[in-house]
Amino acid sequence: MKILRQILIIFFLGLIPALSEAAIAFRNKTFTVKTSPSTSTTLTEPTSAAQNDIIFVWAVLGYQTVTASTPTGWTLLYTIQTNQTKTYLYWIRRGASAPTYTFTYSSVDYAEFSVTAWSGVITSGSPIDVSASNASVQKAPAHPDCPSVTTTVANTVVIAFGMGWSGWSTIAGTPSGYTAREVGVNGNNNDLAVFSKAVAVAGAENPAAITGALNPGVSNDVAEVTVALKPDGASSAAPIRHRVIQN
């Protein structure tokens with residue numbers, strides 16, 4: 001009986017994955033607004049951004065006919081077109097030095113760029129566990145409602161990227177359980193917002209609507225993206241150990 005108990009204990013211990021996951025953390029952010037005609041914008045890297053950080057650029061360009069180019073090294077995750085805008089989401093894994101932050105596009109009169117950096121993310125392959133997007137044309141109230149995702153690994157961070165063409169007056173509309181990471185210059189009048197939530201257990205996650213629009217009763221365009229980031233070490237389960245017990 002004693003030997004059987006020892007075998008069972010060792011068996012179940014061997015099934016427990018030895019994970020060395022680092023917690024994903026928000027590093028920092030920058031925000032840029034262009035209010036005059038231009039064909040390119042050079043963004044500022046978030047302070048303290050480091051090698052292997054995942055960096056997102058969430059951009060809205062006024063006019064649906066605009067065409068943007070993807071800078072070297074960056075990956076375009078989504079392009080979302082509405083009646084009045086085009087919204088883009090790019091990501092890059094930072095190397096030992098800063099990537100290019102110059103984004104080019106056909107001429108526009110107005111553009112916004114939110115840059116956020118995240119540490120503790122898996123350091124090879126795609127950092128994205130799962131993602132989804134929506135575009136709503138002339139929605140009233142103009143509250144982005146980022147789509148649900150179902151994460152497949154533990155300890156992700158789910159990021160809700162919202163664009164409301166009417167802008168935000170406050171950050172009071174932060175989705176429940178989320179933390180505001182970007183709400184525009186001085187926290188108001190801008191169209192881009194970013195919120196995040198640590199999710200310990202894999203499964204369905206549905207961010208609530210991002211409220212607080214400047215003109216909540218007015219129809220306007222919105223764009224919505226939800227992204228779940230994989231933690232460093234998410235796939236590093238140790239193999240099952242086999243031992244021989246002698247009588």
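Being a predicted model, the structure only gives us computed values, none of them experimental.
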Chemist: In terms of hydrophobic clusters joined by side-chain contacts under 4.5 Å, are Met163 and Leu77 together?
Modeler: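 Per the 4.5 Å side-chain linkage, Met163 and Leu77 are co-clustered.
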
Chemist: Counting distance only, does the side-chain N/O of Ser114 pair as donor-acceptor with the main-chain N or O of Leu192 below 3.5 Å?
Modeler: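 A pair under 3.5 Å: no.
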
Chemist: Which atoms form the tightest heavy-atom contact between Gly164 and Pro144, and what is the distance?
Modeler: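 Distance-wise, the nearest heavy atoms are N-CG, 4.1 Å.
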
Chemist: Ignoring hydrogens, what is the shortest heavy-atom contact between Asn155 and Ile24? Give both atom names and the distance.
Modeler: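 Asn155 and Ile24 have their closest heavy atoms at O-CD1, 4.1 Å.
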
Chemist: Can you tell me if Ser106 uses its side chain to pair, donor with acceptor, with the backbone of Thr67 under 3.5 Å?
Modeler: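 A pair under 3.5 Å: yes.
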
Chemist: Do Glu224 side-chain atoms and Asp145 backbone N/O form a donor-acceptor pair below 3.5 Å?
Modeler: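 It does hold such a pair.
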
Chemist: Passes side chain to side chain donor-acceptor pair (under 3.5 Å), Thr70 versus Tyr88? Steps please.
Modeler: CA-CA 10 Å; Thr70 303; Tyr88 296 83; over 6 Å; no

Chemist: Please determine whether a side-chain nitrogen of the Lys or Arg among Arg27 and Asp53 lies less than 4.0 Å from a carboxylate oxygen of the Asp or Glu.
Modeler: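 A salt bridge links Arg27 with Asp53.
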
Chemist: Working to the nearest 0.5 Å, report the span between CD of Gln81 and OG1 of Thr65.
Modeler: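 The distance works out to 8.5 Å.
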
Chemist: In the structure I gave you, are the side-chain heavy atoms of Pro71 and Thr102 within less than 4.5 Å of one another anywhere?
Modeler: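 No, every pair of side-chain atoms sits at 4.5 Å or beyond.
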
Chemist: Locate the shortest heavy-atom distance separating Tyr105 from Ala68; write the atom from each residue and the value.
Modeler: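 That closest heavy-atom pairing would be CB-CA, 3.8 Å.
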
Chemist: Going by distance alone, is a donor N or O of one side chain under 3.5 Å from an acceptor N or O of the other, for Thr39 and Ser107?
Modeler: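 No - no donor-acceptor pair under 3.5 Å links their side chains.
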
Chemist: Can any side-chain N or O of Lys230 pair as donor or acceptor with the backbone N or O of Ile122 at less than 3.5 Å?
Modeler: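 Looks like no, no N/O pair under 3.5 Å.
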
Chemist: Is any side-chain heavy atom of Ile55 less than 4.5 Å from a side-chain heavy atom of Tyr101?
Modeler: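 Contact flag for Ile55/Tyr101 side chains = yes.
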
Chemist: Could you state the interatomic distance from CD1 (Ile128) to CG (Leu229), rounded to the nearest 0.5 Å?
Modeler: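 So the CD1 of Ile128 and the CG of Leu229 are separated by 7.0 Å.
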
Chemist: If you define the side chain from C-beta out and look only at heavy atoms, does anything of Thr44 sit under 4.5 Å from Val115?
Modeler: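 No, side chains not in contact.
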
Chemist: If I take atom CZ from residue Phe26 and atom OG from residue Ser119, how far apart are they, to the nearest 0.5 angstrom?
Modeler: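 Result: 10.0 Å between the selected atoms.
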
Chemist: Is there a donor-acceptor contact under 3.5 Å from the side chain of Trp74 to the main chain of Thr100?
Modeler: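 Confirmed, Trp74 side chain pairs with Thr100 backbone.
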
Chemist: Considering all heavy atoms of both residues, which atom of Lys29 and which atom of Glu182 are nearest to each other, and what is their separation?
Modeler: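 For Lys29 versus Glu182, the nearest heavy atoms are CD-OE1, 3.1 Å.
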
Chemist: For the side chain to side chain contact (heavy atoms under 4.5 Å, CB included) test, which of Thr75, Val225, Ile80 pairs with Leu89?
Modeler: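 Exactly one pass, corresponding to Val225.
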
Chemist: Taking Glu45 first and then Arg94, would you say they form a salt bridge - that is, a charged N and a carboxylate O separated by under 4.0 Å?
Modeler: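 Yes, this pair counts.
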
Chemist: Stepwise, does the side-chain contact (heavy atoms from CB on, under 4.5 Å) test hold for Leu61 with Tyr110?
Modeler: CA-CA 6 Å; Leu61 308 178; Tyr110 185 84; over 6 Å; no

Chemist: Out of curiosity, does Val137 fall in the hydrophobic cluster containing Tyr78 (side-chain heavy atoms, cut-off under 4.5 Å, transitive links)?
Modeler: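 Hydrophobic grouping puts Tyr78 apart from Val137.
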
Chemist: Among Ile210, Val158, Ile159, which residue satisfies the side chain to side chain contact (heavy atoms under 4.5 Å, CB included) criterion with Phe195?
Modeler: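 Output: one option passes, namely Ile210.
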
Chemist: Keeping the roles fixed (side chain from Thr151, backbone from Gly203), state whether a donor-acceptor pair exists under 3.5 Å.
Modeler: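 Indeed, once roles are kept as given, a pair shorter than 3.5 Å links the two residues.
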
Chemist: Hey, does the side chain of Arg93 reach the backbone of Val121 with a donor-acceptor pair shorter than 3.5 angstrom?
Modeler: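 No; zero donor-acceptor contacts below 3.5 Å.
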
Chemist: Identify whether Val33 and Val194 are in the same connected component of the hydrophobic contact network (ILVMFWY, side-chain heavy atoms under 4.5 Å).
Modeler: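 Cluster IDs for Val33 and Val194 match.
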
Chemist: With distance as the sole test, does Asp221 use its side chain to make a donor-acceptor pair with the main-chain N or O of Asn83 at under 3.5 Å?
Modeler: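 Flag set: sc Asp221 to bb Asn83 pair under 3.5 Å.
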
Chemist: One pair to check against side-chain contact (heavy atoms from CB on, under 4.5 Å): Val227 and Phe56. What are the steps and the verdict?
Modeler: CA-CA 11 Å; Val227 175; Phe56 287 103; 4.0 Å; yes

Chemist: Would you confirm whether the ring centroid of Trp58 sits within less than 6.0 angstrom of the ring centroid of Phe161?
Modeler: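 Yes, close enough.
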
Chemist: If every non-hydrogen atom of Tyr63 is compared with every non-hydrogen atom of Val66, which pair is closest and at what distance?
Modeler: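 Scanning both residues completely, I find the closest heavy atoms to be O-CG1, 3.2 Å.
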
Chemist: Test your reading of the model: is there a side-chain donor-acceptor pair from Glu112 to the backbone of Asp191, 3.5 Å cut-off?
Modeler: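 Yes; at least one donor-acceptor contact below 3.5 Å.
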
Chemist: Using a 3.5 Å distance criterion without hydrogens, assess whether the side chain of Thr156 forms a donor-acceptor pair with backbone atoms of Ala228.
Modeler: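 No.
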
Chemist: Under a 4.5 Å side-chain heavy-atom rule over Ile, Leu, Val, Met, Phe, Trp and Tyr, are Phe31 and Val57 clustered together?
Modeler: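 Per the 4.5 Å side-chain linkage, Phe31 and Val57 are not co-clustered.
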
Chemist: Evaluate side chain to side chain donor-acceptor pair (under 3.5 Å) for Arg181 paired with Ser196, printing each intermediate quantity in order.
Modeler: CA-CA 7 Å; Arg181 302 305 187 183; Ser196 70; 2.9 Å; yes

Chemist: Locate the shortest heavy-atom distance separating Ser133 from Pro147; write the atom from each residue and the value.
Modeler: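 That closest heavy-atom pairing would be N-CG, 3.8 Å.
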
Chemist: Once you round to the nearest 0.5 Å, how far does OG1 of Thr47 lie from CG of Asn28?
Modeler: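 Those atoms lie 5.0 Å apart.
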
Chemist: Go through it in stages, so that I can follow the logic: the residues are Trp118 and Val157, the test is side-chain contact (heavy atoms from CB on, under 4.5 Å), and I'd like the CA-CA distance, side-chain angles, deciding distance and then a yes or no.
Modeler: CA-CA 10 Å; Trp118 306 82; Val157 162; 4.1 Å; yes

Chemist: Counting C-beta onward and ignoring hydrogens, is there a side-chain heavy-atom pair between Lys34 and Asp109 closer than 4.5 Å?
Modeler: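 A side-chain contact is absent here, since even the closest heavy-atom pair is not under 4.5 Å.
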
Chemist: Atom OG of Ser136 and atom CH2 of Trp165: how far apart are they, to the nearest 0.5 Å?
Modeler: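 CH2 of Trp165 is found 15.5 Å from OG of Ser136.
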
Chemist: What distance do Thr226 atom OG1 and Lys197 atom NZ have between them, rounded to the nearest 0.5 Å?
Modeler: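 Rounded to the nearest 0.5 Å, the OG1-NZ separation comes to 12.0 Å.
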
Chemist: Aromatic rings Phe113 and Phe103: how do their planes relate, parallel, tilted or perpendicular, breaks at 30° and 60°?
Modeler: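 Because their plane-to-plane angle lies in the 30° to 60° range, the rings of Phe113 and Phe103 count as tilted.
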
